[in-house]
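Quick notes on the structure that follows.
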Amino acid sequence: MAAYRPGVLIGNWVEGERLEEELLRDFVRKRERGELLIQKINKLEENVFKKTQLSVSKDGFVHFGDTVILLNPASKSSVENYPGVHGRLTLAVNMGEISLYSAKSLPVPCGVSAVESVDPRGRNTFCILSVDGGAEGEPIRFGQNFGLGTTGGFSDQMLYLASDHKSFLRSAKKSYLQQVFLTDELSYLSCWQAAFLDPQLRLEYEGFPVPANSEIIITHCHTNRNLAVPRNFWTRSYFGKEYEVICHTYLDSHKAEEDKNYWVMVTGNPSDKNSTMIDRPNPHPSGIRKEEFLKEM
């Protein structure tokens, strides 16, 4: 009896060939439809990291319809008392890993986080929306309700930044405080207000326009808690290391908000469409003296 050679077919070789042919046909079908995992990830990255044009403020204020970045400025706390990150962070869309591989658009509800990137991309730009009948182009005023919407780089839907009271089943994953999320329903849970930074002057500035590129407090209307980045709670996601965003009011010994509650609505740079106002150099980096101020006037 002859010995086996490499060319001898044994076992269910016919079924094996048919299975390989079917797998190849299935691969070709998915590739033509764009359903391969690598194709989904590439398309997602194209949308999420798409360069976005920010609105330019001509009068120095923020208006309904403006596209801005919500920036939490660099922390001024000492390293000994505050072990978290100290750089600038921006509010961004944070998709779960499961929905990242399966969804063609943003899932509902969708999480948010704070990222170290300050470049205007699809995932960290928000549109300021009117919720009480304010016309597009009108400036937002302190104490006035407004909404924050984002498409995350996609063009088929808009999600709204929202929050709700924490419960046993609904809270932030790391700090267990009031969570912040994105939803497709524009309701009172997605209404926010801007407050002046100094609490002693807050009532006097009620009704005044909100300045762009200046530190303010953003308060959730339904729960009366401020949007915050604790900075000492972080997670690993597909996009890297990101920090938890919650609704919680942090007060110091003088009953004033801490820098965890500070936010800046960053607009575009009128002299360079590819940069923002925070990238614009300060004409007086060491400050301006009184006689120089009077000379310029």
Donor-acceptor pair, side chain of [X] and main chain of [Y], under 3.5 angstrom:
X	Y	answer
Thr125	Arg121	yes
Glu244	Trp234	no
His222	His220	no

Does this structure show an ion pair linking [X] with [Y], if we count only N-O contacts that are shorter than 4.0 Å?
X	Y	answer
Lys30	Asp26	yes
Arg29	Glu22	yes
Arg25	Glu32	no

### Query
Which residues satisfy the side-chain hydrogen bond (donor to acceptor under 3.5 Å, both in side chains) test with Ser271, sequence neighbours excluded?
Asn269
### Task
Dump the intermediate steps for side-chain hydrogen bond (donor to acceptor under 3.5 Å, both in side chains) on Arg123 and Asn94, then the final yes or no.
CA-CA 8 Å; Arg123 68 182 301 233; Asn94 184 13; 4.7 Å; no
### Any residue meeting ring-ring contact (aromatic ring centres under 6.0 Å, His included) with Tyr250, in chain and number order, not counting sequence neighbours
His248
## Note on the structure
Taken in chain and number order and not counting sequence neighbours, the residues that satisfy ring-ring contact (aromatic ring centres under 6.0 Å, His included) with Phe196 are Phe142, Tyr205
### Full working for side-chain hydrogen bond (donor to acceptor under 3.5 Å, both in side chains) between Thr223 and Gln178
CA-CA 9 Å; Thr223 61; Gln178 183 176 316; 2.9 Å; yes
### Query
Are Asn213 and Thr267 close enough, and set up right, to give a side-chain hydrogen bond (donor to acceptor under 3.5 Å, both in side chains), and what steps lead you there?
CA-CA 7 Å; Asn213 309 297; Thr267 58; 3.0 Å; yes
#### Entry: Gln193/Cys221 under side chain to side chain contact (heavy atoms under 4.5 Å, CB included): CA gap, chis, key distance, verdict
CA-CA 7 Å; Gln193 286 185 359; Cys221 298; 3.6 Å; yes
